[in-house]
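See below for the structure under consideration.
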Amino acid sequence: MIPKRDSIKTLSLFSGAGGLDIGFHQAGFDVLAAVEIEPAFVATLQANSGEGRFFGPGAKVHCEDVRLFDPTPYVDAGIECIIGGPPCQTFSAAGRRSGGVLGLDDERGQLFRAYIRVLEKIQPELFVFENVYGLPGANGGGPWQEILTAFKEAGYEVTAEVVDAADYGAPTHRERLIMVGSRIGAFRFPMPTHGPDSNGGPSLVTALEAIADLQDPSEVPSGGPGGLYGHLLPLVPPGLNYSYFTKEMGHPAPQFAWRSKFHDFLHKADPSSPVRTLKSKPGKFTGPFHWNNRHFTAPELLRLQSFPDGYVVVGNYGKIMEQIGNSVPPKLAEAMAIAVKDQLLRPGALTHEIRPPGFKSTFRERQRERTRHFKEVASLEVARLCDDATRANLQPEGATCAYWVGISNRFDRLFDADFSSVAKYDYQYSVTVSRNDDLIHLVIREPGVKRPDNVAIEILGLRKYLDHTDRVMVTGLLSSVDEMINAWSIVEYELIKQSRFFSLVDIYGHYANRGDVVSVVTRVSKSLGTLSSAVSYFGTSDNCGIELQADGGYTPLGECIEPDVLLDSMRRLRWDVRSNATHPTLAPGILLCTYPFPALSPRAHFDKPARQVATVHV
């Protein structure tokens, strides 16, 4: 233990569950106070404070917004260091996937100014600021330059690098931007302590090494987490994800389009490597999963994020995952803390070697090497599969079939039935399906109505994923645009029936990450009402995933509709149209539609009108 007189008094801002604080504590820093707005995270910090705990009995935990925090009581407390990183959604990859990155235009992107306000009040010798690795490149680098300038104007010489926690002993790959600001000399980042970039240091810590003593040798691999995709997890080789089931990976029976999901979907951890970044709010099918086809337990997750044994995280499993996933791995924090202590705050012998001029980390190159390696793993596994036994049961060339569909309340659906079975449903449709060459033609009509068709949908580019099918043409007669969800439900049913896919999104690809193979064109007659032009516009893939500027009521849609009315109306029809009111990462005045078809799953909630998120102004 470092003598009391040598302890470095520290203030923690945006503390979360304490990942950064733990690392600094273990390096001999004395965290006098932590400021955190989330009550559940505060409960964790308090559970680890007190005599014999990670933070001493004098540690104070403030449950409040950093923007409202009064640092006056700490001005003369001898604080030498401030640590912490503001919430990162406005610059994160998740933020980009949800529709855009506002960066500094979002109020959360201005939280660094609250950090600087405390710095200027207390004037510590040094600060350590962490954030997402994408911050320097967000919005062309402009926000990053503004942040750097603001810290320099506060009197600090700033050094920043993107580092991977695995290179510093954490059994997880987690890239973070670390910024060190100093008033007492320049800081230089330490060499990696583990892996190929270290000078003879130990190998990267693997997932199995980290949790070996927590494993039950008699555990039998499970059949997966259940649900629509869970049964696929046991088939995924360790280290791979859903992409194992794509044509690009050589799978003989593709079940997903390339880039139709994100890389964590059905990702199974490789026990011989560090795990991928742990997520704070994963979905049911979001990895990393344990190699025994299950979710990791809370104790395993703590180890994988390099939390020390005995550290208590308060809450149910979901809340524990949120806190762990939002945390800086303590091993990374400890390495940075030791470096700033040895170089600047308590100069002396260096525990970790300093990076030489021109040093360049290879962790990105190693990512690409892992990708190539796992593609080879997939090829070897695919070679064992039997193509003939897994081909889809296709409708014969030139054949025509007909059936009835009944739909009530959007999600009570009966397909491929006779008329007597669907008569009790709110909507009844006759469906005729014919196949000629590479074209499937669907005709959807209401019974007894003789008017001309008023809806046409064309889907192109399916050959890459569906056997002998490249195009789907849909013609139909509907009574209103509300019934477009019914028509698309029928389209999805047919595509799934004639392929191995599980949903329309699996075939089309995720709007923000897709391979741009499948395209959709929709034409809706104006006879279907005011929103017909909007449905035609957003029902065409070229108009999805792009930002539509407010211009006289969004004139590209062919009609002048008030933006708020258009947003709520389209969401009522279950089209995933977004604005700043629904997704704050979008700039005000922007509309963005994610998919050229409505949301067909009852789990997606679009019916309620959008509400502006409340903000705090200081």
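These numbers were taken from a predicted model, which means no experiment stands behind them. All residue numbers in this chain count up from 1 along the given sequence.
- Ser327 approaches Phe307 most closely through the heavy-atom pair OG-CZ, 3.5 Å.
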*Passes side-chain contact (heavy atoms from CB on, under 4.5 Å), Phe363 versus Val162? Steps please.*
CA-CA 10 Å; Phe363 65 78; Val162 174; 4.0 Å; yes

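- Between Glu130 and Arg176 there is a salt bridge, with a side-chain nitrogen of the basic residue lying less than 4.0 Å from a carboxylate oxygen of the acidic one.
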*Determine, stepwise, if the pair Arg370 / Asp270 fulfils salt bridge (Lys or Arg N to Asp or Glu O under 4.0 Å).*
CA-CA 11 Å; Arg370 288 196 300 273; Asp270 178 0; over 6 Å; no

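- Between Leu111 and Phe14, the closest heavy-atom pair is O-CZ, 3.9 Å.
- Ser306 places a side-chain N or O within 3.5 Å of a backbone atom of Lys331 that can act as its donor or acceptor partner.
- Within the model, atoms CZ of Phe189 and NE2 of His352 stand 13.0 Å from one another, a figure rounded to the nearest 0.5 Å.
- Between Lys341 and Glu80 no salt bridge is recorded (no basic side-chain N to carboxylate O distance below 4.0 Å).
- No side-chain donor-acceptor contact under 3.5 Å links Arg578 to the backbone of Ile590.
- Qualifying side-chain contact (heavy atoms from CB on, under 4.5 Å) partners for Ala33, counting only residues two or more places apart in sequence or in other chains: Leu11, Lys60, His62, Tyr74.
- Thr351 meets the side-chain contact (heavy atoms from CB on, under 4.5 Å) test with Ile338, Asp342; sequence neighbours excluded.
- Side-chain atoms of Lys281 never come within 3.5 Å of backbone atoms of Lys279 as a donor-acceptor pair (strictly under, hydrogens ignored).
- Proximity of the aromatic rings of His510 and Phe262 is defined here by a centroid distance below 6.0 angstrom, and this criterion is met.
- Note that CG of Leu204 and OG of Ser198 are 8.0 Å apart. Values are rounded to the nearest 0.5 Å.
- If you take CD on Glu300 and NE2 on His295, they are separated by 12.5 Å, rounding to the nearest 0.5 Å.
- For the atom pair CZ of Phe296 and CG of Leu214, the computed distance is 11.0 Å after rounding to the nearest 0.5 Å.
- Atom OG of Ser243 is separated from atom CZ of Phe265 by 11.5 Å, given to the nearest 0.5 angstrom.
- Here the side chain of Thr159 pairs a donor or acceptor atom with the backbone of Phe187 at under 3.5 angstrom.
- Under a 3.5 Å cut-off, the side chain of Gln323 and the backbone N or O of Gly318 do not form any donor-acceptor pair.
- Using a distance-only test at 3.5 Å, with no hydrogens or angles considered, a donor-acceptor pair links the side chain of Ser579 to the main chain of Ala581.
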*Walk me through it: do Val66 and Tyr115 pass the test side-chain contact (heavy atoms from CB on, under 4.5 Å)?*
CA-CA 8 Å; Val66 172; Tyr115 195 109; 5.9 Å; no

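- Every residue two or more places apart in sequence or in another chain was checked for a side-chain hydrogen bond (donor to acceptor under 3.5 Å, both in side chains) with Glu51, and none qualifies.
- Scanning both residues, Val31 and Ala59, for their nearest heavy atoms gives O-CB, 3.6 Å.
- For the pair Arg571 and Asp576, the salt-bridge criterion is met [side-chain N within less than 4.0 Å of a carboxylate O].
- The aromatic rings of Phe127 and Phe129 sit perpendicular, their planes meeting at an angle over 60°, well past the 30° parallel limit.
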*Take Met179 and Ile147 through the test side-chain contact (heavy atoms from CB on, under 4.5 Å) and record every step on the way to the result.*
CA-CA 11 Å; Met179 179 196 303; Ile147 290 170; 4.1 Å; yes

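- For an aromatic pair to be called close, the ring centres must be under 6.0 Å apart, and Phe285 with Tyr229 satisfies this.
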*Could you walk me through whether Val128 and Phe24 pass the side-chain contact (heavy atoms from CB on, under 4.5 Å) test, one step at a time?*
CA-CA 10 Å; Val128 178; Phe24 275 75; 3.7 Å; yes

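- The two atoms that bring Leu567 and Leu591 nearest to each other are CD1-CD2, 3.9 Å, heavy atoms only.
- The stretch residues 178-199 participates, sequence neighbours left out, in these salt bridge (Lys or Arg N to Asp or Glu O under 4.0 Å) pairs: Asp197-Arg366.
- For the atom pair CG of Asp264 and OG1 of Thr286, the computed distance is 6.5 Å after rounding to the nearest 0.5 Å.
- Although no hydrogens or angles enter the test, the distance criterion places no donor-acceptor pair under 3.5 Å between the side chain of Glu38 and the main chain of Gly16.
- Of all heavy-atom pairs spanning Gln215 and Pro217, the tightest one is O-CD, 3.5 Å.
- Of the possible donor and acceptor atoms, none in the side chain of Asp167 sits under 3.5 Å from a partner among the backbone N and O of Val163.
- Shown are Leu344, Thr10, Ile83, Ile82; of these, the side chain to side chain contact (heavy atoms under 4.5 Å, CB included) with Leu126 is made only by Leu344.
- Using a 4.0 Å cut-off between a side-chain N of Lys or Arg and a carboxylate O of Asp or Glu, Glu120 and Arg113 do not qualify as a salt bridge.
- Listed by first then second residue, pairs satisfying salt bridge (Lys or Arg N to Asp or Glu O under 4.0 Å) with a partner in residues 147-164 read Glu161-Arg355, not counting sequence neighbours.
- With sequence neighbours excluded, the residues forming a side-chain hydrogen bond (donor to acceptor under 3.5 Å, both in side chains) with Asn199 are Glu353, listed by chain and number.
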*Can Glu175 and Gln367 be said to form a side-chain hydrogen bond (donor to acceptor under 3.5 Å, both in side chains), step by step?*
CA-CA 12 Å; Glu175 295 178 34; Gln367 284 180 347; 2.6 Å; yes

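- The main-chain N or O of Arg174 is never found under 3.5 Å from a side-chain atom of Tyr133 such that the two would form a donor-acceptor pair.
- The two residues Tyr311 and Gly18 have their closest heavy-atom pair at OH-CA, 3.9 Å.
- A distance-only check finds no donor-acceptor pair linking the side chain of Gln123 to the backbone of Leu119 [under 3.5 Å].
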